A.B. asks: 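One structure, pasted below without further comment.
What you see is a predicted model, and the numbers here were worked out from it, not measured in a lab.
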Amino acid sequence: MKATSIFGGVQVFQIIIGIIRSKFIAILLGPSGMGIAGLLQSTTGLIAGLTNFGLSTSAVKDISAAHSTGNSIRVSIVVTVFRRLVWITGILGAISTLVLSPWLSQITFGNREYTYAFILISVTLLIDQISSGQGVLLRGMRQIGYMAKSGMIGSVLGLFTTIPLYYIYGIKGIVPAIIISSVTSLMISWYFAQKLGLKPIYVSIARTIAEGKDMLKLGFMISLSGLITIAASYIVRIYISNTGGVDQVGLYNAGFAVINTYVGLVFTAMSTDYYPRLSAVAHSNEESKEVINQQAEIALLILAPIIIVFLVFINWVVIVLYSTKFLPVNDMILYAALGMFFKAASWAVAFIFLAKGASKLFFWNELATNVYMLALNIWGYYFWGLSGLGISFLLTYMFYLIQVFLVARLKYDFSFTPAFYKIFVPQLALAFTGFMVVKLLGSPYSYSIGLLLILISAWFSFKELDKRLELKSILTKHSQN
C-alpha cells in the first residue's frame, strides 16, 4: 500500500499532465493525427518486442535477487551483464527498423510515404531500451523514491517539449516529438540511475554469457509473449485502419488510453513494487498465495470507485480529456471499464508465473490469451464497430481470469480467499448497476443515481481498507501532527 500510495500520487500528477497533453494533441492533431502517431508507435513497438528479449521484465528478478544478498560485488556483476545485453538488444532493434523501414511503411500505411519517418525514429529503439534498462535498475533495487521523481520530471518535460512541436508543425511534428520524448526519458532515467552508486567492475565475455543466459532465457519467453500481444494489437489497428480508416484508429487509441492510463494507473503504481515482492516469496506457494490475494484486494478497493466515476461521467471524461470529436468511443470505454475488474484480479494472479520463473508456462498462457483476444477484437469490430472492441475487452478478461486461476490452482495450489470474494462481488455489482443506469437512463437521472453508487463504492472501499491498514488511526495521527 505504501508503494501504491507513492506511485499513485505520481500517477495522479502524471494524469493531470496527461490530461493537458491529451487535450492539446486532440485539438492540434485530431483523430487522424492520433491515428498516425499510434500506428508509428505500435509498429516500432512490434520491432522492439522482437529484439528486446523482454529484459525490462526478466532482469528485475535477477537484480532484485542480487540486491537482496547485500553483496555489492554480486550486484555490480549482474548490473554490468545486464547493461551489456541492453546495448546489444537496443542496437539490434534500431538496425532492424532502419533496414525494414520501406516495408514497415508499406505494411502499416499501405504506401512508402512514411519510410523516412521510420528511418528517423529507428534510433528511439536503442534510446528506449537503454532508458528502460535504467528503470529496471531502480525497480530491481526497490528505489521507489527515485522512480517517483523520475516519473514526475519526465511528465513535465514531456509536456513542454512535445506540445510546441505539435502546435508549430501539426502532424509533421509527430516524428520529432517521438524522438525528443525518448531522449528526455533517457536523460532523466540515466541521472537517477547514477545515484545508485554502482561501482564498475570487469566481467569477462565468458562470464557475461554465463550470467546473461538465464536473463535471456526467461526474457526470450517474455519477449515472445509480449511480441504476440504487440502483434495482435498491431493486426487489430491495421484491420481498423483498412476497414474504418485512420480516424477510427485514432478513436480506438484514445479510448484505450483512457482505460489504460487513467483507470489503469493502479496497475502501474502497484506493479513497480509487487513483482519484486512476489519474487522474494515465490519459493513458498502459501506465501505467494497470501501476497497475490493482498494485491488483488487492494487493487479492487482502489480501482472500483474510479471505474464507477468513469462509467457515470463518461461523456464529460471524454470531452475534458479530448473533445466532442471523440464521443464515439463512449460505448467502448463503458464495456472496457467493466472488464477492468476481471483484469485486476487476473493481473495479480498472472505475475506468479514470472515470479516462479516458469517461462514456458508464462509463454503458452499468454499465447492462448492473445489468440482469442485477437479473434474477439476482429469479431467485435466487424459486428459492432468501436463498441464491439469494448465488448471483446470485457469477454477477454473474463476468460483470462478463469484461465490463470485454473492454471495457478493446478500448478501452485492457488486459491482466492473469502475476503477477496467479499470485495469482488459487491464492487462488481455496483459497477454493473452504474453501467445499466448509464445505458438505460438519460441525465440527470443517471448522474444522481450514479453519484450515489460512487459514494457507496467509495465508502465500502474505505471501510475495507481501514480493516487492513487502520486508515482512521493513520489519518488521526497526521491531523494531530
Side-chain angles (χ1 to χ4, degrees), residues 31 34-52 54 56-57 93 96-97 100 103-105 107-110 114 118 121 124-125 128 132 174 178 221-264 267-268 271 329 332-333 335-337 339-340 342-343 346-347 350 362-363 365-382 384-397 399-400 403:
M34 290 189 76
I36 293 169
L39 287 169
L40 285 171
Q41 290 173 319
S42 63
T43 306
T44 53
L46 181 63
I47 300 298
L50 275 166
T51 58
N52 64 19
S56 62
T57 304
S96 299
T97 306
L100 297 173
W103 294 277
L104 293 176
S105 177
I107 294 168
T108 306
F109 294 97
Y114 291 87
F118 280 112
I121 62 176
T124 63
L125 277 86
D128 290 345
S132 176
I174 291 173
I178 291 172
M221 289 300 181
I222 293 171
S223 179
L224 275 181
S225 62
L227 176 63
I228 292 164
T229 302
I230 295 167
S233 177
Y234 179 67
I235 292 168
V236 169
R237 283 177 169 83
I238 295 298
Y239 178 75
I240 295 170
S241 178
N242 290 336
T243 308
V246 175
D247 284 9
Q248 288 277 294
V249 178
L251 291 169
Y252 169 76
N253 288 341
F256 276 99
V258 170
I259 290 298
N260 293 322
T261 304
Y262 305 114
V263 179
F267 299 128
T268 307
S271 63
V329 302
M332 182 180 84
I333 296 173
Y335 287 104
M340 292 300 281
F342 299 94
K343 183 176 180 178
S346 58
W347 168 87
F362 176 79
F363 170 73
N365 180 69
E366 296 304 306
L367 174 62
T369 305
N370 280 283
V371 168
Y372 60 73
M373 180 186 284
L374 177 60
L376 286 170
N377 277 333
I378 292 176
W379 166 77
Y381 187 75
Y382 180 80
W384 299 290
L386 292 171
S387 299
L389 293 170
I391 294 170
S392 70
F393 182 91
L394 171 59
L395 291 175
T396 294
Y397 280 102
F399 296 148
Y400 186 60
Q403 177 181 308

A.B. asks: Give the minimum heavy-atom separation between Leu251 and Val329, together with the two atoms involved.
C.D. replies: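 In this case the closest contact between Leu251 and Val329 is O-CG1, 3.1 Å.
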A.B. asks: Does Thr43 reach the main-chain N or O of Leu39 with its side chain, forming a donor-acceptor pair under 3.5 Å?
C.D. replies: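 Yes; at least one donor-acceptor contact below 3.5 Å.
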A.B. asks: Output yes when a side-chain donor or acceptor of Ser241 lies under 3.5 Å from a complementary backbone atom of Ile238, and no otherwise.
C.D. replies: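 No: the side chain of Ser241 does not pair with the backbone of Ile238.
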A.B. asks: Does Ile178 reach the side chain of Thr44, with side-chain heavy atoms less than 4.5 Å apart?
C.D. replies: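 No. Closest side-chain heavy atoms not under 4.5 Å.
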A.B. asks: With sequence neighbours left out, write down each residue that passes ring-ring contact (aromatic ring centres under 6.0 Å, His included) with Phe363, or none if nothing qualifies.
C.D. replies: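 Once residues adjacent in sequence are excluded, Phe363 has no partner under the ring-ring contact (aromatic ring centres under 6.0 Å, His included) criterion.
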A.B. asks: Return the CG to CD1 distance between Leu46 and Ile235, rounded to the nearest 0.5 Å.
C.D. replies: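 Going from CG on Leu46 over to CD1 on Ile235, the span is 8.5 Å.
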A.B. asks: Do the non-hydrogen side-chain atoms of Asn253 and Arg237 ever get within less than 4.5 Å of each other?
C.D. replies: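 Yes, at least one pair of side-chain atoms sits under 4.5 Å.
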A.B. asks: Heavy atoms only: give me the nearest Ile333-Gly255 pair and the separation to one decimal.
C.D. replies: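 Looking at all heavy atoms of both residues, the shortest contact is CG1-O, 3.8 Å.
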A.B. asks: Specify the closest pair of heavy atoms between Val249 and Ile240, including all atoms of both residues, with the distance to one decimal.
C.D. replies: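 Result for this residue pair: N-CG2, 3.8 Å.
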A.B. asks: Nearest 0.5 Å, please: how far is OG1 in Thr396 from CD1 in Ile391?
C.D. replies: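 If I round to the nearest 0.5 Å, the distance is 11.5 Å.
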A.B. asks: Among Phe256, Phe342, Tyr335, which one satisfies ring-ring contact (aromatic ring centres under 6.0 Å, His included) with Phe393?
C.D. replies: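 Of Phe256, Phe342, Tyr335, ring-ring contact (aromatic ring centres under 6.0 Å, His included) with Phe393 is met by Phe256 alone.
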A.B. asks: Please find the pair of heavy atoms, one from Ser392 and one from Asn377, that lie closest to each other, and give the distance.
C.D. replies: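 Closest approach of Ser392 to Asn377, heavy atoms only: OG-OD1, 2.5 Å.
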A.B. asks: Under the side chain to side chain donor-acceptor pair (under 3.5 Å) rule, collect the residues that match up with Thr369, sequence neighbours excluded.
C.D. replies: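 With neighbours one apart ignored, the set is Gln403.
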A.B. asks: Quick check: closest heavy atoms across Ala232 and Asn370, and the distance to 0.1 Å?
C.D. replies: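 Reported closest heavy-atom pair: CB-OD1, 4.1 Å.
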A.B. asks: Are Phe118 and Phe109 side-chain neighbours, meaning at least one heavy-atom pair lies under 4.5 Å?
C.D. replies: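 Phe118 vs Phe109: side chains touch.
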A.B. asks: Measuring from atom CG of Leu389 to atom CD1 of Ile378, what distance do you get when rounded to the nearest 0.5 angstrom?
C.D. replies: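 So the gap between those two atoms works out to 10.0 Å.
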A.B. asks: Work out which heavy atom in Ser96 is nearest to a heavy atom in Ile47; give both atom names and the distance.
C.D. replies: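 Nearest heavy atoms, Ser96 then Ile47: CB-CG2, 4.1 Å.
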A.B. asks: Given the side-chain rings of Tyr252 and Tyr381, with only the six-membered ring counted for Trp, is the space between their centroids under 6.0 Å?
C.D. replies: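 Ring centroids of Tyr252 and Tyr381 are no less than 6.0 Å from each other.
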A.B. asks: Would you please name every residue forming a ring-ring contact (aromatic ring centres under 6.0 Å, His included) with Phe362, sequence neighbours left out?
C.D. replies: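 Testing Phe362 for ring-ring contact (aromatic ring centres under 6.0 Å, His included), a comparison that skips the adjacent residues, returns none.
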A.B. asks: Keeping Ser346 on the side-chain end and Lys343 on the backbone end, is there a donor-acceptor pair under 3.5 Å?
C.D. replies: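 Judged by distance alone, yes, a pair lies under 3.5 Å.
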A.B. asks: Rounded to the nearest 0.5 Å, how far apart are OH of Tyr239 and CG of Leu374?
C.D. replies: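 So the gap between those two atoms works out to 10.5 Å.
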A.B. asks: Is any side-chain heavy atom of Trp347 closer than 4.5 Å to one of Tyr397?
C.D. replies: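 With C-beta onward as the side chain, the pair stays apart.
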A.B. asks: Just checking, is any N or O donor in the side chain of Thr108 or Tyr234 under 3.5 Å from an acceptor N or O on the other one?
C.D. replies: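 Yes, a side-chain donor-acceptor pair sits under 3.5 Å.
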